[in-house]
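Below, chains carry the letters A, B, ... as their sequence lines are ordered, and counting in each starts from 1. Every value quoted in this text rests on a predicted model; they were computed, and no experiment measured them.
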Number of protein chains: 2
Amino acid sequence: MTMTIGELGKATGTKVETVRYYERIGLLPAPPRTGGNYRSYAAAELGRLSFIRRARDLGFSLDQVRALLSLSDDRARDCATVDALARDHLAEVERKIADLQALRRELAAIIASCGGGTVADCRIIEALGPGRVA
Amino acid sequence: MTMTIGELGKATGTKVETVRYYERIGLLPAPPRTGGNYRSYAAAELGRLSFIRRARDLGFSLDQVRALLSLSDDRARDCATVDALARDHLAEVERKIADLQALRRELAAIIASCGGGTVADCRIIEALGPGRVA
DNA sequence: ATGCACCCTGTAGTCCCTACAGGGTCAAGG
DNA sequence: CCTTGACCCTGTAGGGACTACAGGGTGCAT
């Protein structure tokens, strides 16, 4: 039930160097080592690393990822703190969803108009333009 | 109807240095200069820069942003190319929306359980964990 | 005419990886 | 057994995307 750093990387789409980097900066715990000094990961690290990678892909900084992980790590924290942190992130998540939905609409429109043979009415910039409350 | 780099930055939430950086790497066109050698931006750049910033915030690389902008810039491109590019990006956008919706669900659950006084059932990592088709 | 806020061009630093270099581990095949 | 190849180790250096000065010019308002 344990795996090497290469297996962990493959399972999460992460380069081996990146896994070691996350360990160095304290985002992943240092795993136990084998007799040959190889890192030996348990299944729990797979979930944690997967979360980190996807949150990064969604545009969250490592500091934000750290904060999100702390929601899961720090069971000891008082509820008011957890609640405020979660609310902040929820607002940001909802803003991102709205932006992505606008982008999706414009991409779909481009695909549709291409099917119709015209490229004229491309409003993709307007999808994420300044014309809404930032 | 023109603005300084500082006004453009303020309107789009971009640091002045970042605007100049985008110009240097060719993401923004070099604007005309005033007599005093100040950059003088037209309204169109506001939309373009706003698009860049929001796409970056959604986790797209500058190369991807360049590709998205080309959908709007290159009216000359043939439809098949534009269509393929748009379809690729649409798929990625939809994946991101799904991930963000999963994250939203878990954040909402945390907030709800905090209201109820418990922090015990935090599944935030599972929201973006490996348990789905990547 | 003199601040003061803003602009200019550099260059160097930060954050987040990513790619070697130089070397050790280990299971498989000869 | 011993070698070979795929993997692992610890560095350190490079790249992408900003960000922060330093040193200097512009322009309006007092």
| field | Single hit among B:Arg48, B:Glu17, B:Glu45, B:Arg53 for side-chain hydrogen bond (donor to acceptor under 3.5 Å, both in side chains) with B:Tyr22 | value | B:Arg53
Hey, is the main chain of [Y] close enough, under 3.5 Å, to the side chain of [X] for a donor-acceptor pair?
X: B:Glu94; Y: B:Ala91; result: no
X: A:Glu7; Y: A:Thr4; result: yes
X: B:Ser50; Y: B:Gly47; result: no
X: A:Thr14; Y: A:Leu8; result: no
X: B:Arg54; Y: A:Lys96; result: no

Whole Å only: how far is the [atom1] atom of [X] from the [atom2] atom of [N]?
X: A:Asp57; N: C:dC16; atom1: CG; atom2: C1'; result: 14 Å
X: A:Ile5; N: D:dT10; atom1: CD1; atom2: C1'; result: 12 Å
X: A:Glu7; N: D:dA6; atom1: CD; atom2: P; result: 16 Å
X: A:Leu8; N: D:dC7; atom1: CG; atom2: P; result: 15 Å
X: A:Met3; N: C:dC26; atom1: CE; atom2: C1'; result: 20 Å

| request: Determine the minimum heavy-atom distance between A:Leu100 and B:Val93, stating which atoms define it. | output: O-CG1, 3.5 Å
| Is there a side-chain polar atom (N or O) of B:Arg39 under 4.0 Å from OP1 or OP2 of C:dT9? | yes
| Passes side chain to side chain contact (heavy atoms under 4.5 Å, CB included), B:Phe60 versus A:Leu103? Steps please. | CA-CA 12 Å; B:Phe60 293 96; A:Leu103 191 52; 4.0 Å; yes
| Per the end-axis method with five pairs at each terminus, what is the bend angle of the helix from C:dA1-D:dT30 to C:dG30-D:dC1, to 10°? | 0°
| query | What string of B, S and - do you get for nucleotides 17-30 of chain D 5' to 3' if you count protein non-hydrogen atoms under 4.0 Å? | reply | BBSB----BBS---
